[in-house]
Structure formats: C-alpha cells, structure tokens
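Quick note: residue numbers are just sequence positions, from 1. These figures come from a predicted structure and were not determined experimentally.
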Amino acid sequence: MEIISQNNTATNTYAIEVKFSAEEFDSAVNVVYNKQKGKITIPGFRKGKATRKMIETHYGANVFYEDAVNSLYNDKIEEIIEKTGLEVVNIENTEVTEVSKENGVSIKADIITKPVVEISDYKGIEVKKTVKTVSDEDVNKEIDKLRDRVSRMITVEDRAVQEGDTAVIDFEGFADGVAFEGGKGEKFPLEIGSHTFIPGFEEQIIGKNVNDEFDVNVTFPEDYQAENLKGKPAVFKCKLHEIKAKELPELDDDLVKDVSDKDTVDELKADIREKLAERYKTEAEDKCEADMMDAIIEKLNAEIPQVMYERRIDEIAREWSARSRISVSDYLKYTGLTIEQFRANFREPAERQVKLRLALEKISELENLEVSSEDVENEYKKLAEEYNMEIDNVKAAITEKTLTSDIKIEKAIDFVKDNAKIEEVTE
C-alpha cells in the first residue's frame, strides 16, 4: 500500500490517493473467497468445494471484488492514517477510482485534520474565588429539610388553600369548548407551588375552600409538547375535595437522634455548619476553575472543523443514554422531539469542551508537560479502584495513548491554576 498523492486542498483538509498493488488485491480477494466459499452453491459441487476460479467463472470475475476492497481499506486504515503524518479527525468523500486484477485498487478520500491552534497569555489569568459564608438561615434551611423528611400530612378543614398545601382536586380541561385528551383527572393530589401543572394553574387554587367548584383559566405555553394545544387558551373546570398540609415535627434532641447520628440540636447545627462550609468551599473552587477555563477558551485561536463538534455531541449523547438507561430513539419517540432538537441540547457544552481540550493540548505542548510511566500506572490504579474493576480490564478498555493524553490535559489544567492570579473573596 502506498500514498500516491497528498495535497492540502482547504483549511484542515487534505485530498489523498491511496493505491493497493495487484498482489495485495489478489490476496484480499483470496481471503474473501475462503470466508465465503462455504455459502456458495455451484451445480455439480458440494458447498465449500468449488475452487475460486470456478466460482469466478460462474458468477463473474468481480464476484469478490467489493468485499475485498472493503477489507483492504478497513484493514489498512490505521496504516494509511499513520503514513499521512497528519492528526486525522475524520475521513470523508471516500471514492474507489480503480479496481482491476492487473493494477490493483486506487482510492481517493478527503482527510479532515485537527486545526492549527494558537494560544497566548494563558499565564497569570486573573479570577475571583468567592466563598460563601454559612449563615444561620442556611443552617435552618437544612434542618427544615430534615424535618420535612419525617413530616406527616394532616387534613385541613378550617381554612382555604395556601402555598405549600396539597389540594386534592377533580379537573377537566377544555380548549375552544371541547375537552382535550389527557386533560382530566379525579381526586388528583396537587402540591401548590410545585409547578407541576401549566403556569398560572396552581395560583388560582389558592384561597379556595373544600367543596368549592371553580374554573381555572390558563394559556398553554408556545413550546407545549402537544401541537394542538400550543399557545391556546384553556379552561379547567375544577372541584376541591380536600386540603392537606405538612406538619413538621418540633426540633428537639429526640428528633435529632431520630434523623441523624448526633445527640443534641447544637451538635446537629454545628455538623451542618461544618458540612455547608466545606460544600461552599468546593463550589467556589469549581466555579473559580470554570472561570479560568472560560478565560482560556477566550484566548484560543483556531478554525475548528465542524465534525469535531458533531463527534463530541455523539459522545455526550451516548453518555446521556447510558446514564438515563433509555435509547435515544425511544426517547425521541416518547417526547416527540426530532433528532436535531435532541442534539441541539448538547451543542453548547460540546463546543465548549472541544475548544477547551484543544487549548489545553496546546498549553501542554508549549510547556513541554510530560507524562511518566508511573503517572500512567497510578491513573490505571485510580480508575480500577473508582470503578471497582481489575486493573487489566481497565487497561483493555482504555489504551495507554488515550490515558496519557487525558493525563496531559489534567497537567495543563493544574499548570493554568498554579499560574493564575486568584483573588479570594468572602461573601
């Protein structure tokens, strides 16, 4: 196999022509013949017993050509990429220009490469790290969450519906005077303030009393999932059956012992204050790092191929599907979204991640950041512990080249942070 020509035809694009010799092609044809001969029938011969020449005579000389060309190309693609000496992102517009027994195979293709990246002034980035101070109100909110977890629902009979109550209602929706599908419910427990229903619905239940019958007038949002209801006004005829409210337990030492590993209210408050302080510190550090990375992206200069963004969107979508345990096709079917609308959700983070990685790779190169074999081995051990896997299985799943590249990115992040000018502010 040899590369006949390699020409830079546009930004990040090279046109190449690859040639496989007649001998390479004949060998590939022979491999395909041996794989397929057991499935081919020729009158007078048992399956698998006909020679290659007999099959080619019966079905045509090119009977194995297409599979042989595909096999050659797929088997040699890594070698082709290596021989170009280019940082290949994608191969497009592949075209077979010649296939013959005498001359072998010629293929043309366009190679999309990683962009030329420029970056400067990445040392001494100025950022603020704002650490929030834990207030008594913050502590009390956390305590209220604990109390809410062990609260009980009581029936309210002496007042009207308030914010935070659960109203048990019947409802039926009408648009243009006609009841619509999915707009009816009986004795439905609706928490007021949960924003479960259409905007404006829950607020109109506040002030109503048990056994009241009333209309709720709303307008469906323009982006509502049902096409026939988008932006339409609707009337819901409702009846209030019951009002329920949460009753929170009194905060005392007995409750503290029930909901935590502490013995007194003071001990619980001190523990919550300590944990909130740690959380606020971590949040401040994460925000500070994110601000640094945004500043790095702003300093990046590169013409990035669109395919790099699309590839990253593909990866994010696969990660989303694995976390959500639902296929993208099923999700689209259930939500009515198009694949374009679905992918649009990931475009902004994908573009940011691609730009940031290119910037950090360039910083790693400019600063000669090295990754030792010990760094790689320690990272393999860390991943094995994190995912509770045998280290050999981790090594089989993640190549050393990929891991080395990722470690370089982490070293570049550390370099930027170590050289940044951080002003710490207490909020």
TODO: Any chance you could lay out the side chain to side chain contact (heavy atoms under 4.5 Å, CB included) test for R312 and F346, step after step, and finish with the verdict?
DONE: CA-CA 9 Å; R312 185 60 191 133; F346 304 128; over 6 Å; no
TODO: Could you please spell out the steps behind the side chain to side chain contact (heavy atoms under 4.5 Å, CB included) verdict for V63 and Q36?
DONE: CA-CA 11 Å; V63 62; Q36 296 184 1; 6.0 Å; no
Task: Check against ring pair (Phe, Tyr, Trp, His ring centres under 6.0 Å), F236 and F197 - done: CA-CA 11 Å; F236 284 84; F197 278 19; 7.2 Å; no
TODO: Would you check, one step at a time, whether the test salt bridge (Lys or Arg N to Asp or Glu O under 4.0 Å) holds for E283 with K132?
DONE: CA-CA 9 Å; E283 289 173 353; K132 184 179 175 184; over 6 Å; no
Task: Working for salt bridge (Lys or Arg N to Asp or Glu O under 4.0 Å), residues E227 and K230 - done: CA-CA 5 Å; E227 286 290 337; K230 285 183 177 180; 2.9 Å; yes
- [ ] Go through K123 and E367 one step at a time and tell me if the salt bridge (Lys or Arg N to Asp or Glu O under 4.0 Å) criterion holds.
- [x] CA-CA 11 Å; K123 296 179 187 177; E367 297 299 328; 3.5 Å; yes
TODO: Let me see the working for E303 and N12 under side chain to side chain contact (heavy atoms under 4.5 Å, CB included), right down to the final yes or no.
DONE: CA-CA 8 Å; E303 293 186 46; N12 307 318; 4.2 Å; yes
- [ ] With side chain to side chain contact (heavy atoms under 4.5 Å, CB included) as the test, would you mind laying out the steps for R311 and N90 before giving the verdict?
- [x] CA-CA 9 Å; R311 285 270 182 88; N90 199 32; 2.6 Å; yes
Task: Step-by-step salt bridge (Lys or Arg N to Asp or Glu O under 4.0 Å) determination, R352 to D294 - done: CA-CA 8 Å; R352 182 183 187 276; D294 286 341; 2.9 Å; yes
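Without hydrogens or angle criteria, T97 side chain to S106 main chain gives a donor-acceptor distance under 3.5 Å. For S71 (side chain) and A68 (main-chain N/O), no donor-acceptor pair under 3.5 Å exists by modelled atom type. Not a single donor-acceptor pair under 3.5 Å links the side chain of T13 to the backbone N or O of T9. Between the side chain of D75 and the backbone N or O of I77 there is no donor-acceptor pair closer than 3.5 Å. In terms of modelled atom types and a separation under 3.5 Å, the side chain of E79 and the main chain of K76 share no donor-acceptor contact. A distance-only check finds no donor-acceptor pair linking the side chain of Y224 to the backbone of T219 [under 3.5 Å]. Between the side chain of S405 and the main chain of K401, no donor-acceptor pair closer than 3.5 Å is present.
Taking a cutoff of 4.0 Å between a charged side-chain nitrogen and a carboxylate oxygen, K184 and D170 do not qualify as a salt bridge. Electrostatic pairing of K382 and E386 does not count as a salt bridge here, judged by no charged N lying under 4.0 Å from a carboxylate O. Using a cutoff of 4.0 Å between basic side-chain nitrogens and carboxylate oxygens, E278 and K275 are not scored as salt-bridged. In summary, D136 and R273 engage in a salt bridge, as defined by a charged side-chain N under 4.0 Å from a carboxylate O. Between E310 and R347 a salt bridge is recorded (basic side-chain N to carboxylate O distance below 4.0 Å).
No side-chain heavy atom of L146 sits less than 4.5 Å from a side-chain heavy atom of L255. Counting only heavy atoms from C-beta outward, the side chains of V150 and D258 never approach each other to under 4.5 Å. The shortest distance between side-chain heavy atoms of K35 and D67 does not fall below 4.5 Å. Residues K395 and E377 form a side-chain contact, since some pair of their non-hydrogen atoms from C-beta on lies under 4.5 Å apart. Using a 4.5 Å heavy-atom threshold, the side chains of D406 and I398 count as separate. Counting heavy atoms from C-beta on, the side chains of Q6 and K83 never come closer than 4.5 Å. A heavy-atom distance below 4.5 Å is found between the side chains of E142 and L276. Put simply, the side chain of M54 does not reach to within 4.5 Å of the side chain of K49, judged on heavy atoms.
We find the CZ-CG distance between F64 and D26 to be 12.0 Å, quoted to the nearest 0.5 Å. Note that CD of E92 and OG1 of T94 are 8.5 Å apart. Values are rounded to the nearest 0.5 Å. Rounding to the nearest 0.5 angstrom, the gap separating the OG1 atom in T84 from the OH atom in Y14 is 9.5 Å. Rounding to the nearest 0.5 angstrom, the gap separating the CD atom in E423 from the OG1 atom in T130 is 8.0 Å. For the atom pair K408 NZ and E361 CD, the distance stands at 9.5 Å (nearest 0.5 Å). Rounding to the nearest 0.5 Å gives a distance of 11.0 Å between CG of N345 and CD1 of I316.
When each of D291, I363, I413 is checked for a side chain to side chain contact (heavy atoms under 4.5 Å, CB included) with I296, only I363 meets the rule. Screening N30, V105, N103 against F25 for a side chain to side chain contact (heavy atoms under 4.5 Å, CB included) leaves a single residue, V105.
Counted within 6.0 Å of CD on Q306, heavy atoms from surrounding residues, nucleotides or ligands total more than 12; the atom is thus considered enclosed. Heavy-atom neighbours of E267 CD from other residues, nucleotides or ligands within 6.0 Å: above the threshold of 12. More than 12 heavy atoms of other shown residues, nucleotides or ligands fall within 6.0 angstrom of atom NZ in K37. For K108, the NZ atom is loosely surrounded, since the number of other residues' heavy atoms within 6.0 Å does not exceed 12. Other residues, nucleotides and ligands contribute only 12 or fewer heavy atoms inside 6.0 Å of the CD atom of E274. The number of heavy-atom neighbours closer than 6.0 Å to CD of E82, taken from other residues, nucleotides and ligands shown, is 12 or below.
In this structure, V376 and I407 approach most closely via the heavy-atom pair CA-CD1, 3.8 Å. When all heavy atoms of S194 and E202 are compared, the pair lying nearest together is N-OE1, 3.1 Å. Minimum interatomic distance between M292 and A420 (heavy atoms only, all atoms of both residues): SD-CB, 3.8 Å. Between F342 and A317, the closest heavy-atom pair is CE2-CB, 4.0 Å. For E102 against A22, the heavy-atom pair with the smallest separation is O-CB, 3.4 Å. Nearest heavy atom pair, residue S327 against residue S321, reads CA-OG, 3.7 Å.
Judged by distance alone, the side chains of D375 and S372 do bring a donor and an acceptor atom under 3.5 Å apart. In summary, the side chains of D138 and Y280 do present a donor paired with an acceptor at a separation below 3.5 Å, with no hydrogens or angles considered.
Taking the six-membered ring for Trp, Y73 and F20 have ring centres at least 6.0 Å apart.
By the side chain to side chain contact (heavy atoms under 4.5 Å, CB included) test, K129 is found to be paired with V131, A284, E285, C288, I422, E424, residues two or more places apart in sequence or in another chain being considered.
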